[in-house]
Amino acid sequence: MIGRRSFLLMGAAVAMPSVVRAQTGIRIAVLTPGPTQWSQAIFTSELERLGRRVGDGFAIDVVSAAGRLDRLTRLATDIADRRPQVIVAVNTPATRAMASATRTIPIVAGIVGDPIGAGFAKTLSKPGGNITGVSNLSGNMTSKRTAILLELVPGASRIALFLHPDDPIKVPQLRDIEAQSGNLGIETRAFPMRSEAELPRALDTARAWKAQGLVRLAGQAFAIGAATARLATEWRLPSMMTQRSDVAAGGLVSYFADHKELWRRAAAQVDAILKGQAPGELPFEQPRRFELVVNIKTARLLGLTIPPSVLVSADEVIE
């Protein structure tokens, strides 16, 4: 049972003192598929910069499904029943659950892949309804990310796609890479997994298929990104990941929107709504910056040479 003053965090405990001295009784609820998808420190730091310090009447209540997407509908209903001033829904599955639970409480969608395709916005400039947010454009980036991997693994023709089978954002990503596979000269195959326990089987199947590279799609496989990167390299499979920490864990390369920037902008949208802006009038924002990170040590282990063009473009090179 979720308590009267705070929401239950499913999984890892997150104790968040709540709330701004000048404004009492303001409560933000956060629904996240798992703790690793939610960038608490960046979000709250930006709110503090905007004058909204957690404590003394300004509360942020976090609810996590602990990686269980089937829990999101019930948790979303519980949140809507509590009537917070603003709800932050992390990623596409949580936003979809919150959109079904309330059509009146303002929702800021945190880092979704395809807001129009998912039905969250009529247009990016004027979403309409009770939802706005930030998009990482993941629905349109799979072919670009794959093309970068192919620069590092020239001649590769079979690319394994690792994904979470229940995540709706897999659909536009698969559509994007299927449309460009011919131009890229590759064959792709999807390998679904819901947990880290399923990784060895997926890697074994990919190797039996003679995959020459791995692209981890955006979405709920995010929670096992570091393990995917580490094991892929151990199994001598060059990997394209979605965040720096995956590359630091042993992955070959990552290319994705700068999520730190997006969480700061999501916090600014929450602030604007609390000041009276209607979410349907706030533009659904897109990333302005993308990060390319390369691991030189992993490249050497895999017998690969990083082209100068990639090294020059990289935001960070991990030795």
Quiz item: Would you find more than 12 non-hydrogen atoms of other residues, nucleotides or ligands less than 6.0 Å from Arg158 atom CZ?
Solution: yes
Self-check item: Derivation of the salt bridge (Lys or Arg N to Asp or Glu O under 4.0 Å) call for Glu261 and Arg264
Solution: CA-CA 5 Å; Glu261 173 212 8; Arg264 285 190 287 267; over 6 Å; no
Quiz prompt | Donor-acceptor side-chain pairing of Thr242 and Arg216 below 3.5 angstrom | solution = yes
Quiz item: Going only through I, L, V, M, F, W and Y residues with side-chain contacts under 4.5 Å, is there a path from Val153 to Ile318?
Solution: no
Self-check item: Mutual orientation of the aromatic rings belonging to Trp38 and Trp263 [parallel < 30°, tilted 30-60°, perpendicular > 60°]
Solution: perpendicular
Practice problem: Considering only NZ, NE, NH1 and NH2 on the basic side and carboxylate oxygens on the acidic side, decide whether Glu291 and Arg244 come within less than 4.0 Å. | Solution: no
Quiz item: Are Asp78 and Arg82 within salt-bridge range, i.e. N to O under 4.0 Å?
Solution: no
Self-check item: Check against side chain to side chain contact (heavy atoms under 4.5 Å, CB included), Ser254 and Asp246
Solution: CA-CA 8 Å; Ser254 67; Asp246 299 338; 5.7 Å; no
Quiz prompt | NZ/NE/NH1/NH2 to OD/OE distance under 4.0 Å, Glu178 and Arg175 | solution = no
Quiz item: Residues two or more places apart in sequence or in another chain: which of them pass side chain to side chain donor-acceptor pair (under 3.5 Å) with Thr298?
Solution: Asn295
Practice problem: Check the pair Phe191, Leu203 against side chain to side chain contact (heavy atoms under 4.5 Å, CB included), reporting the backbone distance first and the verdict last. | Solution: CA-CA 9 Å; Phe191 294 84; Leu203 284 163; over 6 Å; no
Quiz item: Between Ile169 and Ser138, is any pair of side-chain heavy atoms under 4.5 Å apart?
Solution: yes
Practice problem: May I ask you to say whether Lys126 pairs ionically with Glu281, meaning some side-chain N is under 4.0 Å from a carboxylate O? | Solution: yes
Self-check item: Heavy-atom side-chain proximity of Gln286 to Phe284 below 4.5 angstrom
Solution: no
Quiz prompt | Option from Asn91, Val90, Thr92 for which side chain to side chain contact (heavy atoms under 4.5 Å, CB included) with Val112 holds | solution = Thr92
